[in-house]
Amino acid sequence: MIVDPRRRRAPIRGISAVLPAYNQAANLTPVVEAVLDALIDVVPAYEVIIVDDGSTDATRRIANELASLHPEVRVLHRARSRGVGAAWREGLAAATKQYTLWLDPDRRYAPEDLARLVTWDDQYDLMTGFRAKRLDSMASRTVGVVFHLIVRFGFGLRFRDVNCGFKLARTSLAKSLPLTCSGSALHTELLARAVQAGALTREVGVRSFPQQRTDAPGRRFWLAL
(Lines give C-alpha, C1' and ligand atoms only; values in the text may rest on other atoms or scores of the structure.)
Protein backbone atom coordinates (compact mmCIF):
# COMPACT_ATOMS: atom_id res chain seq x y z
CA MET A 1 0.00 0.00 0.00
CA ILE A 2 1.25 3.47 -0.88
CA VAL A 3 0.96 5.95 1.98
CA ASP A 4 0.20 9.57 1.15
CA PRO A 5 3.65 11.22 1.46
CA ARG A 6 1.99 14.42 2.68
CA ARG A 7 0.78 12.69 5.81
CA ARG A 8 3.30 13.05 8.60
CA ARG A 9 3.49 10.34 11.22
CA ALA A 10 2.92 11.03 14.87
CA PRO A 11 2.34 8.62 17.76
CA ILE A 12 -1.28 7.79 18.53
CA ARG A 13 -2.29 9.82 21.57
CA GLY A 14 -5.43 8.08 22.80
CA ILE A 15 -7.61 5.01 22.29
CA SER A 16 -11.20 4.22 23.21
CA ALA A 17 -11.56 0.43 23.42
CA VAL A 18 -15.14 -0.66 22.71
CA LEU A 19 -16.10 -4.13 23.92
CA PRO A 20 -19.60 -5.26 22.84
CA ALA A 21 -20.54 -7.95 25.36
CA TYR A 22 -23.43 -10.38 25.21
CA ASN A 23 -23.37 -13.10 27.89
CA GLN A 24 -19.60 -12.80 28.35
CA ALA A 25 -19.54 -13.27 32.13
CA ALA A 26 -16.80 -15.89 31.92
CA ASN A 27 -14.58 -13.78 29.68
CA LEU A 28 -15.19 -10.16 30.60
CA THR A 29 -12.89 -9.69 33.60
CA PRO A 30 -9.73 -11.24 32.08
CA VAL A 31 -10.33 -9.47 28.77
CA VAL A 32 -10.89 -6.04 30.31
CA GLU A 33 -7.83 -6.39 32.54
CA ALA A 34 -5.71 -7.48 29.56
CA VAL A 35 -7.02 -4.57 27.48
CA LEU A 36 -6.17 -2.10 30.24
CA ASP A 37 -2.65 -3.52 30.51
CA ALA A 38 -2.22 -3.26 26.73
CA LEU A 39 -3.49 0.33 26.62
CA ILE A 40 -1.22 1.44 29.45
CA ASP A 41 1.75 0.20 27.44
CA VAL A 42 0.95 2.00 24.16
CA VAL A 43 -0.92 5.28 24.69
CA PRO A 44 -1.02 8.07 27.28
CA ALA A 45 -4.81 8.46 27.23
CA TYR A 46 -7.34 5.65 27.06
CA GLU A 47 -10.76 4.40 28.08
CA VAL A 48 -12.65 1.11 27.92
CA ILE A 49 -16.32 1.19 26.99
CA ILE A 50 -18.23 -2.02 27.74
CA VAL A 51 -21.55 -2.22 25.90
CA ASP A 52 -23.72 -4.80 27.66
CA ASP A 53 -26.00 -5.93 24.85
CA GLY A 54 -28.94 -7.05 27.00
CA SER A 55 -27.06 -9.97 28.55
CA THR A 56 -29.03 -12.56 30.51
CA ASP A 57 -26.11 -13.87 32.58
CA ALA A 58 -23.87 -12.04 35.08
CA THR A 59 -22.28 -9.78 32.46
CA ARG A 60 -24.17 -6.71 33.67
CA ARG A 61 -23.03 -7.14 37.28
CA ILE A 62 -19.42 -7.92 36.34
CA ALA A 63 -19.26 -4.93 33.99
CA ASN A 64 -20.47 -2.63 36.76
CA GLU A 65 -17.91 -4.09 39.16
CA LEU A 66 -15.11 -3.49 36.66
CA ALA A 67 -16.24 0.11 36.22
CA SER A 68 -16.19 0.62 39.99
CA LEU A 69 -12.64 -0.77 40.19
CA HIS A 70 -11.18 1.07 37.19
CA PRO A 71 -11.95 4.76 36.54
CA GLU A 72 -11.04 4.27 32.86
CA VAL A 73 -13.93 1.80 32.39
CA ARG A 74 -17.43 2.91 31.44
CA VAL A 75 -20.48 0.70 30.94
CA LEU A 76 -23.43 1.18 28.62
CA HIS A 77 -26.40 -1.11 29.28
CA ARG A 78 -29.03 -2.09 26.73
CA ALA A 79 -32.40 -3.36 27.90
CA ARG A 80 -32.45 -6.03 25.20
CA SER A 81 -30.02 -7.47 22.69
CA ARG A 82 -29.99 -5.73 19.33
CA GLY A 83 -26.84 -7.27 17.87
CA VAL A 84 -23.09 -6.88 18.10
CA GLY A 85 -23.00 -4.27 15.34
CA ALA A 86 -25.56 -2.06 17.04
CA ALA A 87 -23.66 -2.42 20.33
CA TRP A 88 -20.43 -1.38 18.66
CA ARG A 89 -22.08 1.64 17.03
CA GLU A 90 -23.37 2.74 20.43
CA GLY A 91 -19.90 2.38 21.92
CA LEU A 92 -18.40 4.31 19.02
CA ALA A 93 -20.85 7.16 19.61
CA ALA A 94 -19.59 7.37 23.21
CA ALA A 95 -15.88 7.19 22.29
CA THR A 96 -13.84 10.30 23.13
CA LYS A 97 -10.28 9.39 22.15
CA GLN A 98 -8.34 9.82 18.90
CA TYR A 99 -8.72 6.18 17.81
CA THR A 100 -11.34 3.56 18.58
CA LEU A 101 -10.49 -0.09 19.08
CA TRP A 102 -13.03 -2.78 18.22
CA LEU A 103 -12.28 -5.98 20.13
CA ASP A 104 -14.52 -9.03 20.47
CA PRO A 105 -14.35 -9.94 24.20
CA ASP A 106 -14.45 -13.71 23.69
CA ARG A 107 -10.70 -14.24 24.23
CA ARG A 108 -10.11 -15.13 20.58
CA TYR A 109 -7.52 -12.35 20.35
CA ALA A 110 -4.58 -11.24 22.47
CA PRO A 111 -5.11 -7.60 23.56
CA GLU A 112 -1.34 -7.11 23.79
CA ASP A 113 -1.25 -7.41 20.00
CA LEU A 114 -2.57 -3.85 20.02
CA ALA A 115 1.13 -2.89 20.02
CA ARG A 116 1.35 -4.32 16.49
CA LEU A 117 -1.30 -1.87 15.30
CA VAL A 118 -0.11 1.30 17.02
CA THR A 119 3.45 0.84 15.81
CA TRP A 120 2.25 2.39 12.52
CA ASP A 121 1.41 5.60 14.40
CA ASP A 122 -1.40 7.78 13.03
CA GLN A 123 -0.52 7.52 9.33
CA TYR A 124 -3.42 5.12 8.75
CA ASP A 125 -7.11 5.82 9.27
CA LEU A 126 -7.98 2.20 9.87
CA MET A 127 -5.80 -0.74 10.86
CA THR A 128 -7.51 -4.11 10.75
CA GLY A 129 -6.11 -7.35 12.03
CA PHE A 130 -5.98 -10.58 10.13
CA ARG A 131 -5.73 -13.94 11.80
CA ALA A 132 -2.29 -15.17 10.78
CA LYS A 133 -3.15 -18.71 11.88
CA ARG A 134 -6.77 -19.67 12.43
CA LEU A 135 -7.45 -22.33 15.03
CA ASP A 136 -11.18 -22.72 14.37
CA SER A 137 -12.79 -25.98 13.35
CA MET A 138 -12.66 -27.05 9.72
CA ALA A 139 -16.37 -26.28 9.38
CA SER A 140 -15.87 -22.74 10.66
CA ARG A 141 -12.91 -22.16 8.37
CA THR A 142 -14.90 -23.43 5.38
CA VAL A 143 -17.80 -21.10 6.15
CA GLY A 144 -15.30 -18.26 6.55
CA VAL A 145 -13.66 -18.91 3.19
CA VAL A 146 -17.03 -18.89 1.41
CA PHE A 147 -18.06 -15.68 3.15
CA HIS A 148 -14.82 -13.91 2.28
CA LEU A 149 -15.13 -14.92 -1.37
CA ILE A 150 -18.62 -13.43 -1.44
CA VAL A 151 -17.35 -10.22 0.13
CA ARG A 152 -14.36 -10.00 -2.21
CA PHE A 153 -16.33 -10.45 -5.41
CA GLY A 154 -19.54 -8.80 -4.21
CA PHE A 155 -18.04 -5.69 -2.63
CA GLY A 156 -14.58 -5.58 -4.20
CA LEU A 157 -12.86 -5.62 -0.80
CA ARG A 158 -9.32 -7.00 -1.00
CA PHE A 159 -8.76 -7.55 2.71
CA ARG A 160 -7.47 -10.92 3.87
CA ASP A 161 -9.76 -11.18 6.90
CA VAL A 162 -12.81 -8.93 6.76
CA ASN A 163 -14.44 -10.32 9.91
CA CYS A 164 -11.45 -10.21 12.24
CA GLY A 165 -12.75 -8.72 15.49
CA PHE A 166 -9.63 -6.65 16.12
CA LYS A 167 -9.73 -3.26 14.41
CA LEU A 168 -8.36 0.21 15.22
CA ALA A 169 -10.04 3.13 13.45
CA ARG A 170 -9.59 6.88 13.59
CA THR A 171 -12.56 7.91 15.70
CA SER A 172 -13.44 10.96 13.61
CA LEU A 173 -13.51 8.81 10.48
CA ALA A 174 -15.59 6.02 12.01
CA LYS A 175 -18.11 8.50 13.37
CA SER A 176 -18.42 10.16 9.96
CA LEU A 177 -19.36 6.91 8.21
CA PRO A 178 -23.09 6.13 7.77
CA LEU A 179 -22.90 2.76 9.51
CA THR A 180 -26.25 0.97 9.82
CA CYS A 181 -25.65 -2.77 10.28
CA SER A 182 -26.76 -4.24 13.58
CA GLY A 183 -25.06 -7.61 13.30
CA SER A 184 -21.61 -8.92 12.48
CA ALA A 185 -21.95 -7.59 8.93
CA LEU A 186 -20.83 -4.28 10.43
CA HIS A 187 -17.25 -5.55 9.94
CA THR A 188 -17.81 -5.58 6.19
CA GLU A 189 -19.74 -2.32 6.19
CA LEU A 190 -17.03 -0.53 8.16
CA LEU A 191 -14.30 -1.56 5.73
CA ALA A 192 -16.41 -0.91 2.62
CA ARG A 193 -17.47 2.57 3.70
CA ALA A 194 -13.98 3.46 4.91
CA VAL A 195 -12.54 2.52 1.51
CA GLN A 196 -15.28 4.49 -0.26
CA ALA A 197 -14.38 7.50 1.90
CA GLY A 198 -10.74 7.30 0.77
CA ALA A 199 -9.38 6.12 4.10
CA LEU A 200 -5.82 4.84 4.30
CA THR A 201 -5.96 1.28 5.61
CA ARG A 202 -3.52 -1.41 6.60
CA GLU A 203 -3.84 -5.06 7.59
CA VAL A 204 -1.71 -6.33 10.46
CA GLY A 205 -1.29 -9.97 11.49
CA VAL A 206 -2.61 -10.81 14.95
CA ARG A 207 -2.82 -14.01 16.92
CA SER A 208 -6.10 -15.86 17.29
CA PHE A 209 -7.27 -18.62 19.61
CA PRO A 210 -10.21 -21.06 19.67
CA GLN A 211 -13.51 -19.27 20.11
CA GLN A 212 -14.99 -19.30 23.60
CA ARG A 213 -18.60 -20.49 23.50
CA THR A 214 -21.55 -18.43 24.69
CA ASP A 215 -25.17 -19.52 25.00
CA ALA A 216 -26.14 -17.91 21.69
CA PRO A 217 -25.75 -20.33 18.73
CA GLY A 218 -26.51 -17.68 16.13
CA ARG A 219 -23.78 -15.45 17.46
CA ARG A 220 -21.33 -18.34 17.46
CA PHE A 221 -22.04 -18.91 13.77
CA TRP A 222 -21.37 -15.31 12.75
CA LEU A 223 -18.32 -14.97 14.97
CA ALA A 224 -16.91 -18.09 13.33
CA LEU A 225 -16.47 -16.07 10.15
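Note that these values count all heavy atoms, side chains included, but never hydrogens, waters or copies made by symmetry.
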Original post:
Is there a side-chain contact (heavy atoms from CB on, under 4.5 Å) between T201 and L191 once you walk through the steps?
Top reply: CA-CA 9 Å; T201 66; L191 294 179; 5.8 Å; no

Subject >> L36 CG to D41 CG distance, which is reported to the nearest 0.5 Å >> reply: 11.0 Å

Original post:
Taking it one step at a time, do Y99 and M127 satisfy side-chain contact (heavy atoms from CB on, under 4.5 Å)?
Top reply: CA-CA 10 Å; Y99 277 77; M127 287 158 281; 4.0 Å; yes

**OP:** Please step through side-chain contact (heavy atoms from CB on, under 4.5 Å) for the pair I50 and V73, ending with a clear verdict.
**Re:** CA-CA 7 Å; I50 302 170; V73 176; 3.8 Å; yes

Original post:
Where do L179 and R89 come nearest, in terms of heavy atoms and distance?
Top reply: O-CD, 3.5 Å

**OP:** For H77 and D52, test the side chains for any donor-to-acceptor distance below 3.5 angstrom and give the result as yes or no.
**Re:** yes

**OP:** Taking all heavy atoms of A21 and all of T59, pick out the closest pair and write down the distance.
**Re:** CB-CG2, 4.1 Å

Subject >> Side-chain (S55) to main-chain (N23) donor-acceptor, under 3.5 angstrom >> reply: yes

Original post:
If you round to the nearest 0.5 Å, how far is CH2 of W88 from CG of L186?
Top reply: 6.0 Å

**OP:** Go through the side-chain N and O atoms of Q98 and T171 and say whether any donor and acceptor fall under 3.5 Å apart.
**Re:** no

Original post:
Going by the angle between their ring planes, with limits at 30° and 60°, are Y109 and F166 parallel, tilted or perpendicular?
Top reply: perpendicular

**OP:** Determine, for F130 and R160, whether the Lys NZ or Arg CZ falls below 6.0 Å from the six-membered ring centre while staying within 45 degrees of the axis.
**Re:** yes

Subject >> Heavy-atom side-chain proximity of L101 to V18 below 4.5 angstrom >> reply: no

Original post:
Do C181 and E189 come within less than 4.5 Å of each other through their side chains, counting heavy atoms only?
Top reply: yes

Original post:
What are the two closest heavy atoms between A197 and L177, and how far apart are they?
Top reply: CB-CD2, 4.0 Å

Original post:
With a 4.5 Å limit on heavy-atom distance, are the side chains of H187 and K167 in contact?
Top reply: yes

**OP:** Could you check if a side-chain atom of L103 sits within less than 4.5 angstrom of a side-chain atom of P111, using non-hydrogen atoms only?
**Re:** yes

Original post:
So how far is it from F159 CZ to T188 OG1, rounded to the nearest 0.5 Å?
Top reply: 10.5 Å

**OP:** Looking only at non-hydrogen atoms, find the nearest pair between P105 and N27 and report the distance.
**Re:** O-CB, 3.3 Å

Original post:
So, do L114 and V35 sit near enough that their side-chain heavy atoms are less than 4.5 Å apart?
Top reply: no

Original post:
So, R82 side chain and D53 main chain: donor-acceptor pair closer than 3.5 Å or not?
Top reply: no

**OP:** Answer yes or no: is there a donor N or O on one side and an acceptor on the other, between the side chain of D161 and the main chain of R131, under 3.5 Å?
**Re:** yes

**OP:** Mind checking the CG-CG spacing from D125 to L173? Nearest 0.5 Å is all I need.
**Re:** 5.5 Å

**OP:** Could you please spell out the steps behind the salt bridge (Lys or Arg N to Asp or Glu O under 4.0 Å) verdict for R207 and E112?
**Re:** CA-CA 10 Å; R207 291 170 291 170; E112 57 266 31; 3.5 Å; yes

**OP:** Answer yes if the side chains of N163 and S184 hold a donor-acceptor pair under 3.5 Å, and no otherwise.
**Re:** no

Original post:
Backbone N or O of G54 within a donor-acceptor pair of the R60 side chain at under 3.5 Å?
Top reply: no

Original post:
Any side-chain donor-acceptor pair under 3.5 Å between D104 and W102?
Top reply: yes

Original post:
Checking D106 side chain against R108 main chain: does a donor-acceptor pair fall under 3.5 Å?
Top reply: yes

Original post:
Is the closest side-chain heavy-atom distance between W120 and R202 below 4.5 Å?
Top reply: yes

Subject >> Non-hydrogen atoms of I15 and V118 that approach each other most closely >> reply: CD1-CG1, 3.9 Å

Subject >> Close side-chain approach of R193 to P178, heavy-atom, < 4.5 Å >> reply: yes

Original post:
Would you say the side chain of V48 lies within less than 4.5 Å of the side chain of H70, judging by non-hydrogen atoms?
Top reply: no

**OP:** Of all the heavy-atom pairs spanning D122 and I12, show the shortest one and how long it is.
**Re:** N-CG1, 4.0 Å

Original post:
Measuring from L66:CG to R74:CZ, what's the distance to the nearest 0.5 Å?
Top reply: 15.0 Å

Original post:
Just how far is it from atom CD of E90 to atom CD1 of I49, taken to the nearest 0.5 Å?
Top reply: 10.0 Å

Original post:
Under 4.0 Å between a Lys/Arg side-chain N and an Asp/Glu carboxylate O for K97 and E47?
Top reply: no

Subject >> Cluster check L69, L39: I/L/V/M/F/W/Y, side chain < 4.5 angstrom >> reply: no

**OP:** Show your reasoning for whether side-chain contact (heavy atoms from CB on, under 4.5 Å) applies to V204 and T119.
**Re:** CA-CA 10 Å; V204 180; T119 191; over 6 Å; no

